[in-house]
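These notes are about the structure you will find just below.
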Amino acid sequence: MAPFKFVTRGLWQLSLYTKSSNIGVTSVQLQCLTTELHKLTQTRHFNTSTRGCYVPSKHSRRLEGTAILVRTMSSSARLASKSCVSLQASPNTSLMDEIVTIEVAGLMPGQPVTLNTYFDNEDKQFETYAHYTSDENGTVNTTNHASQGGNFIGIEPMGMFWSMVACPGVRHGTRYMKRDISKPLVIDISVHDGHMSQDDVRVDKSPMAATSVGRWYKGKNVESIKVEGGKYNLQGTLVKPKGPGPFPAVVDMFGGVLPGCNEIRAALLASHGFAALSLGYFWETEEVSSMIAVEQLEMEYFEEAVDWLNSQPYVQPGGIGTVGVCKGGEMATAMAIHFPDKIRATIGISTCGSFTLCPTTYKGKTYPYAQLSPPDEVSEEHTGFSKDGHICLKDFFPTADDNFQEFDRIKCPALIICGDNDDCVPNDHSDRIAGLIQNNGHDNPCEFIKYPGAGHLLEPPYVPVCTFSYQHPWGIFRWGGTPRDHAHACEAAWKKVLAFLQEHMVDKKQTVTSKL
């Protein structure tokens with residue numbers, strides 16, 4: 001049958017076909033047809049087939065042998081209806097640890113679409129895509145609708161954020177890390193017709209709708225103060241809520257592969273009401289990597305940071321908290337060991353039980369440290385390298401019995417977190433750390449959480465998951481974890497960190513709230 005005329009009502013494409021191409025339809029018949037189609041679309045009185053929806057024969061008889069086919073929009077019809085499609089992201093401005101709901105409306109029921117997110121962060125581009133199908137109301141909502149393909153599958157409210165990967169042309173192993181917290185991370189969101197590949201999305205210059213969101217580490221009621229100087233030449237950035245306080249205070253440290261200060265976690269902590277000192281302790285030079293740019297670390301440097309922070313008039317009295325991941329977790333727990341009367345609570349994330357990378361001294365004593373070396377016995381499970389040639393540092397670590405710190409001296413509440421798929425630090429280190437604190441005879445709580453499927457870099461959530469990254473001059477380090485499990489662990493671990501600090505660092509008469 002040949003199409004005679006198209007009549008559009010709402011989001012349905014109504015096609016009138018004649019039984020043969022030479023049968024004419026009078027204006028009276030067309031008016032009758034239009035009226036009948038209107039009734040049918042109101043009652044949805046259709047028989048369904050794989051090709052579309054057909055008008056029942058009892059209605060067709062009144063149209064003098066004219067067959068009516070009601071079908072879903074073709075690609076050309078969809079393009080013509082772009083003005084009907086809306087894309088909203090709520091909230092459109094938020095903290096990095098807040099959930100954003102993406103909703104598409106104005107689609108046809110059962111219409112396949114591709115959602116895409118993209119950002120350019122400090123000349124490093126990341127993107128992701130996912131396939132959805134609209135519901136009976138013609139909507140897609142990432143909070144309760146499942147992705148059917150793309151970079152993740154299933155219901156993942158923040159999948160369009162954590163599943164992002166580096167774009168073509170960005171160096172393999174590039175890790176997302178925002179250095180400038182004074183500006184938001186702007187993420188572009190678009191919806192495209194049909195289930196498309198990522199390559200096709202890149203060249204589609206006419207999305208059905210587009211919008212963007214601004215994601216902040218640093219809330220508008222937060223300020224940053226550069227910290228430099230002192231006897232041991234402190235280097236850091238204090239990020240705190242504006243105002244006189246007093247605020248509960250923490251020292252925050254990242255791992256040895258990130259030189260200088262990284263302020264993202266401190267900024268989020270400040271946005272949740274804490275005065276957070278992002279403390280640098282490794283420094284990158286032109287000749288060597290950050291991890292070997294320091295001949296030794298002095299615990300007095302970290303003690304001076306605690307004393308300085310505790311002396312500030314806007315800091316709540318009663319002790320400082322420490323938070324750290326990897327080498328930072330190693331130093332965070334070491335501070336609770338060596339000056340326990342000054343530390344109110346400590347959190348070690350993916351931390352080693354021994355001092356690593358370089359000697360550490362305190363009050364004239366040099367403590368033994370674990371020197372990383374290839375495994376003594378190379379096996380299929382422990383080669384020092386993954387199947388794709390990435391370095392697995394856990395195979396270079398000594399056993400948990402060698403040169404362990406005196407964790408049984410910790411007197412404050414402690415939270416030890418790790419992932420059971422960590423390819424950097426062996427799990428038995430966290431197991432033993434928690435055991436020593438829990439059985440030390442002190443009346444201090446110690447919580448130990450091991451997240452299934454999670455890797456090493458358990459950091460604030462809803463950013464591109466990093467399971468491996470390039471580290472000059474060695475190459476690609478494998479951190480471990482499966483993307484979905486690791487993303488969920490980052491979300492749960494961050495909530496636990498905030499709850500732990502709220503419980504043990506905030507005076508009961510105070511209330512710490514989250515503010516953008």
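By convention here, the first residue in the shown sequence is residue 1.
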Does any N or O in the side chain of [X] come within less than 3.5 Å of the main-chain N or O of [Y], such that one atom is a donor and the other an acceptor?
X: Thr114; Y: Met196; result: yes
X: Gln125; Y: Cys167; result: no
X: Glu122; Y: Asp180; result: yes
X: Lys327; Y: Thr356; result: yes
X: His195; Y: Tyr132; result: yes
X: Thr143; Y: Thr101; result: no
X: Thr351; Y: Glu330; result: yes
X: Asp420; Y: Gly453; result: yes

Partner set under ring pair (Phe, Tyr, Trp, His ring centres under 6.0 Å) for [X], not counting sequence neighbours:
X: Phe407; answer: Phe404
X: Tyr118; answer: none
X: His456; answer: Trp479
X: His338; answer: Tyr362, Tyr367

Rounded distance (nearest 0.5 Å) linking atom [atom1] of [X] with atom [atom2] of [Y]:
X: Glu127; Y: Gln198; atom1: CD; atom2: CD; answer: 3.5 Å
X: Leu277; Y: Glu263; atom1: CG; atom2: CD; answer: 10.0 Å
X: Gln405; Y: Tyr369; atom1: CD; atom2: OH; answer: 14.5 Å
X: Ser271; Y: Met96; atom1: OG; atom2: CE; answer: 11.5 Å
X: Tyr301; Y: Thr360; atom1: OH; atom2: OG1; answer: 13.5 Å
X: Tyr451; Y: Cys490; atom1: OH; atom2: SG; answer: 9.5 Å

Tell me, do [X] and [Y] make a side-chain contact under 4.5 Å, heavy atoms counted?
X: Val85; Y: Leu87; answer: no
X: Leu415; Y: Ile349; answer: no
X: Trp216; Y: Val222; answer: no
X: Leu269; Y: Leu501; answer: yes
X: Thr211; Y: Asn92; answer: no
X: Val213; Y: Ser94; answer: no
X: Leu458; Y: His486; answer: yes
X: Ile187; Y: Met160; answer: no

- Kindly indicate, with the supporting measurements, whether the criterion side-chain contact (heavy atoms from CB on, under 4.5 Å) is fulfilled by Ser430 and Phe448. CA-CA 8 Å; Ser430 292; Phe448 176 41; 3.8 Å; yes
- Task: Taking side-chain hydrogen bond (donor to acceptor under 3.5 Å, both in side chains) as the test, write out the residues that go with Glu298, two or more places apart.
- Result: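 Scan of Glu298 (side-chain hydrogen bond (donor to acceptor under 3.5 Å, both in side chains), adjacent residues dropped) gives none.
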- Just jot down the side-chain hydrogen bond (donor to acceptor under 3.5 Å, both in side chains) partners of Asp431, sequence neighbours excluded, or say none.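 If we apply the side-chain hydrogen bond (donor to acceptor under 3.5 Å, both in side chains) test to Asp431, skipping adjacent residues, the hits are Lys450.
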Mind checking salt bridge (Lys or Arg N to Asp or Glu O under 4.0 Å) for [X] and listing every partner two or more places apart, or none if nothing turns up?
X: Glu300; value: none
X: Glu303; value: Lys342
X: Asp485; value: none

- Task: Using a cut-off of 6.0 Å, state whether more than 12 heavy atoms not belonging to Lys226 lie near its atom NZ.
- Result: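 Check passes, neighbour count above 12.
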- Task: Keeping to residues at least two apart or across chains, list the side chain to side chain donor-acceptor pair (under 3.5 Å) pairs with something in residues 487-500.
- Result: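 Applying side chain to side chain donor-acceptor pair (under 3.5 Å) to every pair that reaches into residues 487-500, excluding sequence neighbours, yields Asp97-Trp494, Glu156-His488, Glu447-Lys496, Tyr462-Glu491.
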- Task: Only pairs at least two apart or in different chains count here, so list each side chain to side chain donor-acceptor pair (under 3.5 Å) that has a residue in residues 157-174.
- Result: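 Every side chain to side chain donor-acceptor pair (under 3.5 Å) pair that includes a residue of residues 157-174, provided the two are not neighbours, is Thr128-Ser163.
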What are the two closest non-hydrogen atoms of [X] and [Y], and how far apart are they?
X: Met335; Y: Ile343; result: O-CG1, 3.6 Å
X: Phe126; Y: Ala166; result: CD2-N, 3.4 Å
X: Pro248; Y: Val506; result: CG-CG2, 3.9 Å
X: Ile181; Y: Ala267; result: CD1-CB, 3.7 Å

- Test log, rule side-chain contact (heavy atoms from CB on, under 4.5 Å), inputs Ser350 and Leu457: CA-CA 7 Å; Ser350 304; Leu457 299 178; over 6 Å; no
- Message: Under the side chain to side chain donor-acceptor pair (under 3.5 Å) test against Thr133, which residue among His145, Gln148, Gln111 passes?
- Response: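 Of the listed options, the one satisfying the test is Gln148.
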- Item | Distance under 6.0 Å and angle within 45° of ring axis: Arg265 vs Phe254 |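 Here Arg265 passes the 6.0 Å and 45° test against Phe254.
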- Would you verify whether the NZ or CZ of Arg215 falls within 45 degrees of the ring axis of Phe119 while also being under 6.0 Å from that six-membered ring's centre?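 Pair Arg215/Phe119 does not count as cation-pi.
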- Item | Intermediate values then yes/no, side-chain hydrogen bond (donor to acceptor under 3.5 Å, both in side chains), Thr322 and Thr346 | CA-CA 5 Å; Thr322 59; Thr346 187; 2.8 Å; yes
- Assess whether side-chain contact (heavy atoms from CB on, under 4.5 Å) is satisfied between Arg175 and Tyr470, documenting all intermediate values. CA-CA 8 Å; Arg175 176 181 176 184; Tyr470 176 80; over 6 Å; no
- Task: Please test Val113 against Val104 for side-chain contact (heavy atoms from CB on, under 4.5 Å), starting from the C-alpha separation and ending with a verdict.
- Result: CA-CA 9 Å; Val113 295; Val104 186; 5.5 Å; no
- Item | Listed partners of Lys242 passing side-chain contact (heavy atoms from CB on, under 4.5 Å), at least two apart |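 Per chain and number, Lys242 pairs via side-chain contact (heavy atoms from CB on, under 4.5 Å) with Glu223.
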